[in-house]
Amino acid sequence: MAKVTINQDRCKGCGLCVSVCPKQVLELNKAKLNRKGYNPAEPVKPEACIGCAMCATMCPDCVITVEK
């Protein structure tokens with residue numbers, strides 16, 4: 001099983017990772033703000049991750065790590 005890790009303090013909540021995930025593993029956390037005032041992305045269905053790393057590739061700030 002793959003593991004997705006997001007540095008939530010550096011995430012600016014752009015949602016690009018959410019839009020490219022083929023398994024809808026990620027969502028923006030509307031109930032949480034990080035130190036910079038953004039709603040960070042977080043894995044809501046980590047068990048569904050297939051390790052394709054599309055989210056990490058799309059992230060403009062390189063805050064996502066995918067491990068297989």
Side-chain angles (χ1 to χ4, degrees):
M1 179 162 77
K3 179 182 176 187
V4 178
T5 306
I6 300 173
N7 183 334
Q8 294 198 345
D9 283 332
R10 290 186 47 218
C11 178
K12 64 183 177 188
C14 67
L16 292 173
C17 59
V18 175
S19 68
V20 299
C21 181
K23 298 294 183 178
Q24 291 81 41
V25 172
L26 306 173
E27 285 184 9
L28 294 180
N29 186 341
K30 300 293 184 186
K32 179 181 178 181
L33 293 177
N34 63 15
R35 294 185 314 186
K36 295 181 180 180
Y38 298 117
N39 297 104
E42 66 178 18
V44 292
K45 294 193 299 185
E47 69 282 352
C49 182
I50 58 173
C52 68
M54 291 288 292
C55 56
T57 303
M58 184 60 78
C59 182
D61 298 316
C62 301
V63 302
I64 303 174
T65 303
V66 179
E67 301 173 54
K68 284 190 175 185

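All residue numbers in this chain count up from 1 along the given sequence. What you see below is based on every heavy atom in this structure, not just the backbone, and it leaves out hydrogens, waters and symmetry mates.
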Please give me the minimum heavy-atom distance between [X] and [Y], naming the atom from each residue.
X     : Y     : value
Ala48 : Val25 : C-CG2, 3.9 Å
Pro40 : Cys11 : CA-SG, 3.7 Å
Leu28 : Gly13 : CD1-O, 3.6 Å
Met58 : Val20 : CE-CG1, 3.5 Å
Gln24 : Lys45 : O-CE, 3.1 Å
Cys21 : Leu26 : SG-N, 4.4 Å

- Task: Could you walk me through whether Asn39 and Asn29 pass the side chain to side chain contact (heavy atoms under 4.5 Å, CB included) test, one step at a time?
- Result: CA-CA 6 Å; Asn39 297 104; Asn29 186 341; 5.6 Å; no

- Answer with yes or no whether the hydrophobic clustering places Tyr38 together with Ile6; edges join I, L, V, M, F, W, Y residues whose side-chain heavy atoms lie under 4.5 Å apart. no

- Query: Are Val63 and Val66 linked, directly or through other ILVMFWY residues, by side chains that come within less than 4.5 angstrom of each other?
  - Reply: yes

- Measure the shortest side-chain to side-chain distance between Pro43 and Cys49 over non-hydrogen atoms and say whether it is less than 4.5 angstrom. no

- Query: Is there side-chain contact between Val4 and Pro46, with at least one heavy-atom pair below 4.5 Å?
  - Reply: no

- Task: Examine distances only and state if a side-chain atom of Asn34 and a backbone atom of Gln8 form a donor-acceptor pair shorter than 3.5 Å.
- Result: yes

- Message: How long is the straight-line distance from NZ of Lys23 back to CD1 of Ile50, given to the nearest 0.5 Å?
- Response: 5.5 Å

- Message: If you count heavy atoms of other groups shown closer than 6.0 angstrom to CD of Glu27, is the number above 12?
- Response: no

